[in-house]
Amino acid sequence: MHRRWFLVLALALLPVTARAADTPRGLDIYFIDTEGGAATLIVTPTGESVLIDCGNPGGRDAERIHKACTAAGLKAIDHLCITHWHSDHYGGVARLSQLIDIKNYYDHGVPEKLDDDPKGFQLLIGAYKTANGGKSTTLKPGDELKLKQPEKGPALKLLCVSSGGDVIADKPGAPENPVAKEHKPMPEDKSDNARSLGFLLSYGDWRFVDLGDLTWNIEYKLIAPSDKLGLVDVFLSSHHGLNISNNPVLLQTIKPRVTVFNNGAKKGGHPSIIATLRRIPDTQAIYQVHRNLTAGAQENTDPEFIANPDEKCQGEGIKLAVAPDAKSYSLTVGSTGKPKTYETRKR
Ligand SMILES: [Zn+2]
C-alpha cells in the first residue's frame with residue numbers, strides 16, 4: 001500500500017479503536033432458550049462470564065449456549081454454576097465443554113445418588129465429572145462468587161442465597177416481614193429442586209434474582225421471618241414458572257419490576273403466577289421465552305414479550321442489557337425485537 005494512503009487509513013481507524021477501548025461496558029444477561037430447561041449467561045462489565053445452568057442433554061441446548069457465548073465475544077466460560085442435579089439444568093455439560101473451555105464449576109455438592117432420578121443421574125454426573133476433572137466448588141448460603149470489579153462504575157456482587165435446602169441467615173434485628181404471614185405451606189419437597197442454588201446479583205442499585213428450581217417452602221424461608229432479598233429489578237421465575245414454586249409471598253415481598261419466564265411450550269409459565277405478578281403494582285413487564293400453549297392468550301403475557309410463539313421454534317432468547325451506570329436496563333426479545341428500557345429501582 002502507498003505510504004500516504006496507509007497513514008490516512010491508520011488515522012481514520014485510530015479514533016474508532018480508542019473509543020471502543022474507552023467506552024464503559026454494562027452488564028449483559030442472555031436468557032437462552034432450552035425449551036423448558038435453564039441456561040442464563042451473565043457477562044459482566046469486565047468481560048467475565050457466569051453461566052447459571054446449561055440446559056438439557058444432547059447438542060441442541062449446548063449449541064445455543066455456545067452461540068450466545070460467541071455473540072457475547074467470549075473465548076471461555078469463566079464460571080459454570082449448576083443449581084441442582086436435574087437433567088434440564090446440567091445435562092448439556094458434556095457437549096458444551098467440547099464447544100468452549102469452562103474454567104470453574106460450582107454446585108450444591110455432588111451426591112453419590114439421586115433418589116428422584118435414579119436412572120439418568122449416574123450417566124450425567126459421570127459426564128459432569130469428566131468435564132471438570134472431578135473439581136467443583138460447593139457453594140453455601142452466604143458465599144460470594146468473587147467477580148472482577150469494573151475499574152470505573154458500580155460495584156458487582158454475586159451472592160449465593162440458597163443451597164442444599166438452607167438459605168442465608170436473617171440479619172440480627174431485621175424487622176419481621178408482614179407479607180410472610182400469608183404463607184400457606186405445601187407438603188415437604190424431597191426432590192433436588194428444594195436444594196437448588198439461588199443467587200442474588202447486584203450491580204450498583206440494580207438487583208437480579210435466580211433461584212434455579214427452588215420450591216415453595218424454601219422460597220418462603222428466604223423472606224421469613226425477615227426478608228433476606230429486598231426489592232428486585234429483574235426476577236427469573238423459579239422452576240420455569242411452575243406453580244409448586246414462585247410462592248406468592250416471595251413475589252409480593254421482592255416485587256420484581258420485570259419477570260422473565262424460562263418456560264417451555266408446555267412446561268411452566270403458569271397462569272396463576274402471571275396473575276399474581278399482574279396484581280403487584282410494581283410489575284412493569286413480564287417476558288416469556290415460550291408462549292404457554294396449554295393456556296389461553298389472556299393467560300400468557302402480551303405477544304411482543306414472547307420470544308418463541310410456536311413449539312417448533314428457532315430457539316430465540318431474551319437479552320437483558322444493564323447500562324454502564326446501572327441506572328437503567330433494557331430487554332430485547334429474540335433477534336429482531338426492539339429493546340424496551342426500564343429504570344433501576346432507587347435505593
Ligand atoms: Zn428445571
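Position 1 is the first residue of the sequence; numbering continues from there. Read the numbers this way: they start at 1 and go in the same order the structure lists the ligands and their atoms.
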Name every donor-acceptor pair, under 3.5 Å, that has one atom in a side chain of residues 253-262 and the other anywhere in the protein, sequence neighbours excluded.
from : atom 1 : to   : atom 2 : distance (Å)
T253 : OG1    : N177 : ND2    : 3.0
T253 : OG1    : V249 : O      : 2.6
R257 : NH1    : E343 : O      : 2.8

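Around the Zn ion (ligand 1), the protein atoms of type N, O or S that sit closer than 2.8 Å are D88 OD2, H89 NE2, D213 OD2, H240 NE2.
Other residues sharing a hydrophobic cluster with I306 under the 4.5 Å side-chain heavy-atom criterion for ILVMFWY residues do not exist; the residue is a singleton.
Between R347 and D233 a salt bridge is recorded (basic side-chain N to carboxylate O distance below 4.0 Å). Salt bridge status for E48 with K103: absent, with no side-chain N to carboxylate O gap under 4.0 Å. Between R195 and D166 there is no salt bridge, since none of the side-chain N atoms of the basic residue sits less than 4.0 Å from a carboxylate O of the acidic one.
Among residue pairs with one or both ends in residues 277-292, those qualifying as salt bridge (charged side-chain N to carboxylate O under 4.0 Å, His left out) are D282-R345; sequence neighbours excluded.
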